[in-house]
Q: 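Here it is, the structure in full.
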Amino acid sequence: MSRLTAPARADIDAKTQGALDAIAKQFGFAPSMFTTLAANPTVLEIVMGLQGSIAKLLDATTRHTIALAVSQSNGCHYCQALHGFISSNLGGMSAEEIELARTGTSSDPKRAAVAKFAQHVIETRGQVSDEDLAAVREVGYIDPEIQAIVTIVVVTLLTNYLNNVSDAVVDVPGADHQSA
């Protein structure tokens with residue numbers, strides 16, 4: 001059982017309910033993470049706004065790779081399941097690539113470097129080494145893209161922390177078949 005309580009549908013204002021309906025339409029279900037966040041509509045709005053904004057950064061597969069690597073590093077079972085679902089069902093990533101991303105790598109050298117860099121950002125609390133920066137630059141990332149990587153890491157970190165504090169019940173379809 002989740003440690004934070006999702007509000008009853010009748011207790012959610014119309015604007016917030018509309019946001020939850022849009023999420024349900026996008027994913028095919030309303031993930032409990034979002035229904036729990038609906039207890040504080042401002043927090044839900046912030047999370048949704050940030051996620052909408054990072055959708056403009058890098059390509060979707062790279063964003064999914066970062067989210068999977070970060071969620072694994074933070075031990076967020078809910079985010080591992082949800083990002084696995086999104087990566088597979090909406091992002092077209094193979095099960096093998098999802099597992100590689102969770103371990104901080106990829107079959108694609110550029111995504112492997114970004115996954116490893118993302119995990120180093122988490123492990124060092126942003127105090128990455130010159131060597132870490134050199135490794136991500138070596139595969140072709142430039143400074144504005146490195147800023148994008150860090151931004152995606154931090155937005156993922158926010159949802160990891162919210163879900164880890166909540167201990168959200170994993171209600172993601174197929175999550176019982178995914179490693180976490």
Side-chain angles (χ1 to χ4, degrees), residues 23 26-27 31 33-34 37 43-166 168 170 172 174-175 177-180:
I23 291 167
Q26 178 184 5
F27 293 127
M33 175 185 106
F34 295 105
L37 292 180
V43 172
L44 177 63
E45 184 179 334
I46 289 167
V47 168
M48 290 178 61
L50 288 170
Q51 289 182 341
S53 292
I54 66 170
K56 301 171 192 170
L57 300 174
L58 307 174
D59 63 275
T61 303
T62 300
R63 289 192 313 272
H64 297 317
T65 299
I66 294 167
L68 288 160
V70 169
S71 297
Q72 180 74 28
S73 289
N74 285 314
C76 183
H77 301 295
Y78 193 90
C79 289
Q80 289 175 51
L82 187 58
H83 287 295
F85 174 85
I86 293 167
S87 298
S88 174
N89 295 309
L90 305 177
M93 284 178 72
S94 70
E96 179 184 4
E97 277 302 312
I98 290 169
E99 288 306 312
L100 287 172
R102 286 184 174 135
T103 64
T105 192
S106 171
S107 63
D108 175 87
K110 194 167 181 179
R111 280 197 303 275
V114 81
K116 185 174 183 178
F117 181 75
Q119 287 184 328
H120 284 184
V121 170
I122 294 297
E123 293 163 3
T124 65
R125 294 180 178 90
Q127 297 180 24
V128 296
S129 67
D130 291 343
E131 292 79 14
D132 293 332
L133 281 170
V136 79
R137 285 180 173 135
E138 187 175 293
V139 296
Y141 285 101
I142 58 174
D143 289 358
E145 293 169 322
I146 294 169
Q147 291 172 348
I149 294 164
V150 174
T151 300
I152 295 165
V153 167
V154 172
V155 171
T156 305
L157 182 67
L158 171 63
T159 58
N160 288 176
Y161 281 13
L162 286 166
N163 285 304
N164 282 343
V165 167
S166 173
V170 178
V172 179
H177 302 295
Q178 300 173 6
S179 69

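Values below: all heavy atoms of this structure, side chains included; hydrogens, waters and symmetry mates excluded. As the structure is a computational prediction, the values presented were derived from the model and not from experiment.
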Q: Take Thr103 and Gln72 through the test side chain to side chain donor-acceptor pair (under 3.5 Å) and record every step on the way to the result.
A: CA-CA 7 Å; Thr103 64; Gln72 180 74 28; over 6 Å; no

Q: Could you work out, with side-chain contact (heavy atoms from CB on, under 4.5 Å) as the rule, every residue matching Gln26, not counting sequence neighbours?
A: none

Q: Using every non-hydrogen atom in the two residues, find where Pro31 and Ile23 come nearest and quote the distance to one decimal.
A: CD-CG2, 3.7 Å

Q: Please name the pair of heavy atoms, one in Glu145 and one in Gly140, separated by the smallest distance, quoted to 0.1 Å.
A: OE1-O, 3.7 Å

Q: Please answer whether the main-chain N or O of Ser107 pairs with a side-chain N or O of Glu97 as donor and acceptor at a distance below 3.5 Å.
A: yes

Q: Which donor-acceptor pairs under 3.5 Å do side chains of residues 46-57 form with protein atoms, sequence neighbours excluded?
A:
from: Ser53; atom 1: OG; to: Gly49; atom 2: O; distance (Å): 3.1

Q: What's the shortest heavy-atom distance between Asn164 and Gly75, and which atoms?
A: OD1-O, 3.5 Å

Q: How about Glu123: does its CD atom have over 12 heavy atoms from other parts shown lying under 6.0 Å from it?
A: yes

Q: What is the distance from atom CD1 of Ile98 to atom OG of Ser106, rounded to the nearest 0.5 Å?
A: 11.5 Å

Q: Assign the ring pair Phe34 / Phe27 to parallel, tilted or perpendicular, where the plane angle (0 to 90°) is split at 30° and 60°.
A: parallel

Q: Examine distances only and state if a side-chain atom of Ser71 and a backbone atom of Leu68 form a donor-acceptor pair shorter than 3.5 Å.
A: no

Q: Would you give the length of the straight line joining atom CG of Asp143 to atom CD1 of Ile149, rounded to the nearest 0.5 angstrom?
A: 10.5 Å

Q: Do Thr65 and Met93 come close enough that some side-chain heavy atom pair is under 4.5 Å?
A: yes

Q: Mind checking the CE-CG spacing from Met33 to Leu44? Nearest 0.5 Å is all I need.
A: 8.0 Å

Q: Would you mind telling me which of Asn163, Leu162, Thr156 makes a side-chain contact (heavy atoms from CB on, under 4.5 Å) with Asn160?
A: Thr156

Q: Grab the two heavy atoms, one from Val172 and one from Ala81, that are nearest each other, plus how far apart they are.
A: CG1-O, 3.6 Å

Q: Considering only heavy atoms from C-beta outward, does the side chain of Phe117 approach that of Val139 to under 4.5 Å?
A: no

Q: Could you point out which residue of Val114, Val70, Leu158 forms a side-chain contact (heavy atoms from CB on, under 4.5 Å) with Val153?
A: Val70

Q: Taking side chain as C-beta onward, heavy atoms only, is Tyr78 less than 4.5 Å from Thr159?
A: no

Q: For Leu58 versus Ala148, what's the shortest heavy-atom pair and its separation?
A: CG-CB, 4.1 Å

Q: Enter the distance from Ser94:OG to Leu100:CG here, rounded to the nearest 0.5 Å.
A: 7.5 Å

Q: First locate atom CG of Leu37, then atom CD of Glu45, and finally report the distance between them rounded to the nearest 0.5 Å.
A: 12.5 Å

Q: Is there a donor-acceptor contact under 3.5 Å from the side chain of Arg63 to the main chain of Ile152?
A: no

Q: Return the minimal non-hydrogen interatomic distance between Ala101 and Ala115, and the atom names on each side.
A: O-CB, 4.5 Å

Q: Any side-chain heavy atom of Ile146 within less than 4.5 Å of one from Arg137?
A: yes

Q: Let's go through Asp132 and Ser129 carefully: what are the C-alpha distance in whole Å and the side-chain angles of both, what is the deciding distance for side chain to side chain donor-acceptor pair (under 3.5 Å) to 0.1 Å, and is it a yes or a no?
A: CA-CA 5 Å; Asp132 293 332; Ser129 67; 3.2 Å; yes

Q: For Lys110, does the NZ atom sit with more than 12 other heavy atoms under 6.0 Å from it, leaving out its own atoms?
A: yes

Q: Using modelled atom types and a 3.5 Å cut-off, is there a donor and acceptor pairing between side-chain atoms of Ser88 and backbone atoms of Gly84?
A: no

